[in-house]
Amino acid sequence: MFVITGATGQLGSRIVDQVLTRVPADAVGVSVRDVDRAAHLAARGVRVRRGDFTDPATLVHAFADADQVLIVSAAIRGGGAVVANRAAADAAHAAGARRILYTSHQAAARDSLFPAQLTHAETEEHLAGLGVAFTALRNGFYASALQFVIGDALESGHLVAPADGPVSWTAHDDLAEVAAIALTEEGALDGVTPPLTAPEMLDLDAVAGVLTDHTGRTISRIVVGDDEWRSAAVRRGMPEAAADFTLGMYRAARRGEFAVTDPTLGALLGRRPTPARSVIAAIVAAAPTRT
């Protein structure tokens, strides 16, 4: 049985949908914190069980009879994320899974300036030490984050953020499809993968340019200091911990941590991955019409 965690989340739900195009529903199980939110999957014949990384006892039942487990990284900030991811990996191993997959990140490293990458690096190291086959899917930076980066730029005409650098923004749909391929096709991706990225990198100057092209009005890129940006974000209601976390993203970007592209994603998809420009176009199309 293929067991997938986080099956009601933005990435996990897409992975499940992709897997169901490849294998029968009765070969798929999902581990979710709220089983009611996965009722639609149960209706399709998927085995739905409650599993919570922060309550490892629940994973015993959720992962039972698993041949392979795909762990979608915990949506937790700070040291708790590593603890949660390790608990999930240990539970998959204890359940007898012969292979464990994990959604990592293209820039996973112990010395990253973006805290999330430290979590991924530590989780990868733990997986490698379990003595079981594993795949760490080094996903490109999720293009959906552009929604938050762009913020109110469509209204104000100003894309205000700290100094940044190029990022290979990559679509959830593409990464979900490749995760399904890795899970269901033996040997497609083993161990720590190459960066699974879209082919184009954009910094925020380029993002402002794409916004300008799609809106027909000038969107200016305004660079502000780290401290100024953090203070403004907190004043707008962002928790301090979240502001520090996000600031790490900008610092890592300007150090070049996300300035990488690789052909692996496109080769596995058999097509060109979704360009970030298309994601930005969708963000613009979904924005409220200005009056």
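As the structure is a prediction and not an experimental result, all values here were calculated from the model.
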Quick check: is V19 connected to L269 through a chain of hydrophobic side chains (ILVMFWY, heavy atoms under 4.5 Å apart)?
yes
V149 with L247, same ILVMFWY side-chain cluster at under 4.5 Å
yes
More than 12 foreign heavy atoms under 6.0 Å from [atom1] of [X]: is that the case here?
X: R47; atom1: CZ; value: yes
X: D111; atom1: CG; value: yes
X: R37; atom1: CZ; value: no
X: R255; atom1: CZ; value: yes

Can you name the nearest heavy-atom pair linking S104 to E124, along with the distance?
OG-OE2, 2.6 Å
Can you name the closest pair of heavy atoms from V72 and F53 and give their distance?
O-CE2, 3.6 Å
Between F114 and F245, is the ring centre distance below 6.0 Å?
yes
Hey, do the aromatic rings of H105 and F258 have their centres closer than 6.0 Å?
yes
Determine, step by step, whether D152 and R236 satisfy the salt bridge (charged side-chain N to carboxylate O under 4.0 Å, His left out) criterion, reporting the C-alpha distance in whole Å, the side-chain angles of both residues, the deciding distance to 0.1 Å, and the verdict.
CA-CA 12 Å; D152 66 354; R236 290 194 302 271; over 6 Å; no
Would L202 and R277 satisfy side-chain contact (heavy atoms from CB on, under 4.5 Å), going step by step from the backbone distance to the final call?
CA-CA 9 Å; L202 299 178; R277 294 170 188 272; 3.8 Å; yes
Only one of T274, T197, T170, N139 passes side-chain contact (heavy atoms from CB on, under 4.5 Å) with L265; say which it is.
T170
Could you walk me through whether E240 and R230 pass the salt bridge (charged side-chain N to carboxylate O under 4.0 Å, His left out) test, one step at a time?
CA-CA 8 Å; E240 291 188 1; R230 183 186 185 282; 3.7 Å; yes
